[in-house]
**Student:** 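Before anything else, here's the structure in question.
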Amino acid sequence: MIIQRPKGTQDLLPKDSNKRQHIEEKLRKIASLYNYKEIRTPTFEKTELFKRSIGEETDVVSKEMYSFKNDEFTLKPEMTAPVIRAYIENSIQNESPFQKLYYISNMYRHERPQAGRYREFSQFGVEAIGSSDYLVDAELISLGSKMLGEFGIENIIFKINTIGSTEERARFLDDLKKYLSEYKNKLSPDSQKRLEFNPLRILDTKIDYEIEILKKSPVLFDYLNPDTKSHFENVLNALHKLEINFEIDYRLVRGFDYYTSTTFEVLSNDLGAQNAIFGGGRYDNLIEQLGGKPTPAIGFACGLERLNLILEKNNYVFPELCNVACYFVTMGDDAKIFSQKLMKNLRKKAIICDTDFLNRSVKAQMKEANKINARYVIVIGENEMKEKKFKVKNMQDSTEILTGLDDFIENAEMILKEK
Ligand code: HAM
């Protein structure tokens, strides 16, 4: 029986990984335009890290983690906690008190797979650590908006909210619990459980009758400190000035406990039920919570599979896979090694070339050259080696030029020109 890949994972075959490479290259360029520097962390971390940062009652920690070795380690379900762990452990703040870090990495969550939702997926994310300035929020969001612009993504809704700190939320949560308790029997089993352990998450419900119940519930914004509110207003004003459209959504709460103050999410109308392209927010208490000095920070992460789905849906033109510039058709063993030497020279000049490794007939090798869209073909046999001269055949118009070996090596770029 053939062994299949685990559910919720994907194989990226060359044409798909070509698209992914293009996406990643663009993202890296955008990140560096804003002076974000790349950080890489291990694929797994101590389980404790995620429990202490994301929160034990969240869906990710309570149901979706891939943990192993007696639960000591966990494949990372997200990158904010690992980045902060690395920030503290390596005292990165000593290099500069304000850090802009970005990553592209695989994440692991044991969710129910569906379109746009996988158990192994890839995120591009940015984390700005060390400043509570509202302009950091605005610039980071503007990076997200630039990202959408660069890929020509339009059909989106950008939702923003502010959720304050744990202390600010405490009084609200008491009132929310009281309010929702009156409707307890009408709530879904999930929400009933959340009412006890994580009532904030009920605000995020997608169930119509729960949304209806919530319409008259207390509003978190009313419970926030003046400082938190004015930070939010400053962010919104800056976004106006940067011509970034947004919708305030007072019900927007994110799935992790570490968030404070600004939170946001960008949804696409081109995706199905899993419609969030990217999301993030401030987490001003996390660094202290993980044993570092009190340090404000903000970040977001974007799912690359979802980005790719949107681009495919909108017929985004991805660059083509690089084609072979020159294919060597060989006759006999000596010709094969002779071609290898020639190819070594061509590759020094960054010219893509290839040859046959299946001992095929000349006819079959020509067929292969055609199939892979090689621009030029050179046939090497005994004569060509003896005379040190050969024909370079243009496969598009079937014209041929005769060239000497030295001349060819010297002028290969010109002879094998693109068109
Ligand atoms: P998140 O909202 O859990 O946030 O994930 C960010 C993005 O990752 C989502 O908007 C979505 O595009 C993608 N994503 C999440 N789960 C899946 C999945 N199962 N399959 C495919 N794509 C998925 C975070 O992870 C936070 N660490 C973001 C952040 C950074 N907050 C502050 N800094």
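The chain is numbered in sequence order, starting from 1. Model, not experiment: these values are computed from the prediction.
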**Student:** Go through Asp397 and Thr399 one step at a time and tell me if the side-chain hydrogen bond (donor to acceptor under 3.5 Å, both in side chains) criterion holds.
**Tutor:** CA-CA 6 Å; Asp397 56 17; Thr399 54; 2.7 Å; yes
**Student:** Do NZ/NE/NH1/NH2 and the carboxylate oxygens of Glu25 and Arg28 come within less than 4.0 Å?
**Tutor:** no
**Student:** Cut-off 3.5 Å, side chains only: do Thr228 and Glu168 have a donor facing an acceptor?
**Tutor:** yes
**Student:** Between Phe221 and Tyr250, is the ring pair (Phe, Tyr, Trp, His ring centres under 6.0 Å) condition met? List the steps.
**Tutor:** CA-CA 7 Å; Phe221 190 78; Tyr250 290 120; 5.1 Å; yes
**Student:** Would you please test Ile277 and Leu267 for side-chain contact (heavy atoms from CB on, under 4.5 Å) and show each step?
**Tutor:** CA-CA 6 Å; Ile277 319 173; Leu267 312 175; over 6 Å; no
**Student:** Check the pair Asn269, Asn275 against side-chain hydrogen bond (donor to acceptor under 3.5 Å, both in side chains), reporting the backbone distance first and the verdict last.
**Tutor:** CA-CA 7 Å; Asn269 294 321; Asn275 59 354; over 6 Å; no
**Student:** From Asp11 CG over to Arg5 CZ, what is the distance, rounded to the nearest 0.5 angstrom?
**Tutor:** 4.5 Å
**Student:** Looking at Tyr209, is Lys186 sitting on its ring face, NZ or CZ under 6.0 Å from the six-membered ring centre and within 45 degrees of the normal?
**Tutor:**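 Not flagged: Lys186 not positioned over aromatic ring of Tyr209.
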**Student:** Quick one: does any side-chain atom of Asp356 pair with a main-chain N or O of Leu358 as donor and acceptor, under 3.5 Å?
**Tutor:** yes
**Student:** Just by distance, do the side chain of Ser188 and the backbone of Ser191 share a donor-acceptor pair under 3.5 Å?
**Tutor:**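 Judged by distance alone, yes, a pair lies under 3.5 Å.
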**Student:** Taking NZ, NE, NH1 and NH2 as the nitrogens, is one of them in Lys159 or Glu247 under 4.0 Å from a carboxylate oxygen of the other?
**Tutor:** no
**Student:** Among Glu312, Glu320, Glu305, which residue satisfies the salt bridge (Lys or Arg N to Asp or Glu O under 4.0 Å) criterion with Lys19?
**Tutor:**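 It is Glu312, the one option of Glu312, Glu320, Glu305 that forms the salt bridge (Lys or Arg N to Asp or Glu O under 4.0 Å) with Lys19.
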**Student:** Checking Lys216 against Glu182 for the salt bridge (Lys or Arg N to Asp or Glu O under 4.0 Å) test, could you report, in this order, the C-alpha distance in whole Å, the side-chain angles of both residues, the deciding distance, and whether it holds?
**Tutor:** CA-CA 12 Å; Lys216 293 207 179 93; Glu182 289 178 26; over 6 Å; no
**Student:** Does the pair Arg251/Asp204 count as a salt bridge with the N-to-O cut at 4.0 Å?
**Tutor:** no
**Student:** Is the ring pair Tyr316/Phe151 parallel, tilted or perpendicular, if the boundaries are 30 and 60 degrees?
**Tutor:** tilted
**Student:** Can you name the side chain to side chain contact (heavy atoms under 4.5 Å, CB included) partners of Ser398, sequence neighbours left out?
**Tutor:** Lys393
**Student:** For residues Tyr66 and Phe44, establish whether the separation of their ring centroids is below 6.0 Å.
**Tutor:**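 No, the ring centres sit 6.0 Å or more apart.
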**Student:** Keeping Arg306 on the side-chain end and Gly116 on the backbone end, is there a donor-acceptor pair under 3.5 Å?
**Tutor:** yes
**Student:** The criterion is side chain to side chain contact (heavy atoms under 4.5 Å, CB included); which residues satisfy it with Thr41, sequence neighbours excluded?
**Tutor:** Ile39, Glu45, Lys76, Met79, Pro82, Arg85, Ala86
**Student:** Does the ring centre of Phe408 sit less than 6.0 Å away from the ring centre of Phe390?
**Tutor:** yes
**Student:** For the residue pair Tyr258 and Phe256, does the interplanar ring angle fall in the parallel (under 30°), tilted (30 to 60°) or perpendicular (over 60°) class?
**Tutor:**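 Tilted.
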**Student:** Please determine whether a side-chain nitrogen of the Lys or Arg among Lys417 and Glu413 lies less than 4.0 Å from a carboxylate oxygen of the Asp or Glu.
**Tutor:** no
**Student:** Assess, by modelled atom type and distance only, whether the side chains of Ser142 and Ser145 contain a donor and an acceptor separated by less than 3.5 Å.
**Tutor:**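 Judged by distance alone, the side chains do not pair up.
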**Student:** So, the side chain of Tyr283 versus the backbone of Gly299: is there a donor-acceptor pair under 3.5 Å, distance only?
**Tutor:**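 Flag not set: sc Tyr283 to bb Gly299 has no pair under 3.5 Å.
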**Student:** Decide whether Asp137 and Thr262 meet the rule of one side-chain donor and one side-chain acceptor closer than 3.5 Å.
**Tutor:** yes
**Student:** Checking side-chain contact (heavy atoms from CB on, under 4.5 Å) for the pair Tyr34/Ile30: CA distance, chi angles, key distance, verdict?
**Tutor:** CA-CA 7 Å; Tyr34 287 76; Ile30 295 166; 4.3 Å; yes
**Student:** Can Phe124 and Tyr103 be said to form a side-chain contact (heavy atoms from CB on, under 4.5 Å), step by step?
**Tutor:** CA-CA 6 Å; Phe124 161 73; Tyr103 46 84; over 6 Å; no
**Student:** Verify, without hydrogens or angle tests, whether Glu64 (side chain) and Val61 (backbone) share a donor-acceptor contact under 3.5 angstrom.
**Tutor:** no
**Student:** Taking Arg119 first and then Glu111, would you say they form a salt bridge - that is, a charged N and a carboxylate O separated by under 4.0 Å?
**Tutor:**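 Salt bridge between Arg119 and Glu111, a charged N being under 4.0 Å from a carboxylate O: no.
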**Student:** Got a salt bridge between Arg360 and Glu368, using NZ or NE/NH1/NH2 to carboxylate O under 4.0 Å?
**Tutor:** yes
**Student:** Is there a donor-acceptor pair closer than 3.5 Å between any side-chain N or O of Asn225 and the backbone N or O of Asp227?
**Tutor:** no
**Student:** Should Lys178 and Asp175 count as an ion pair when the cut-off is N to O under 4.0 Å?
**Tutor:**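 Looking at Lys178 and Asp175, the cut-off is met.
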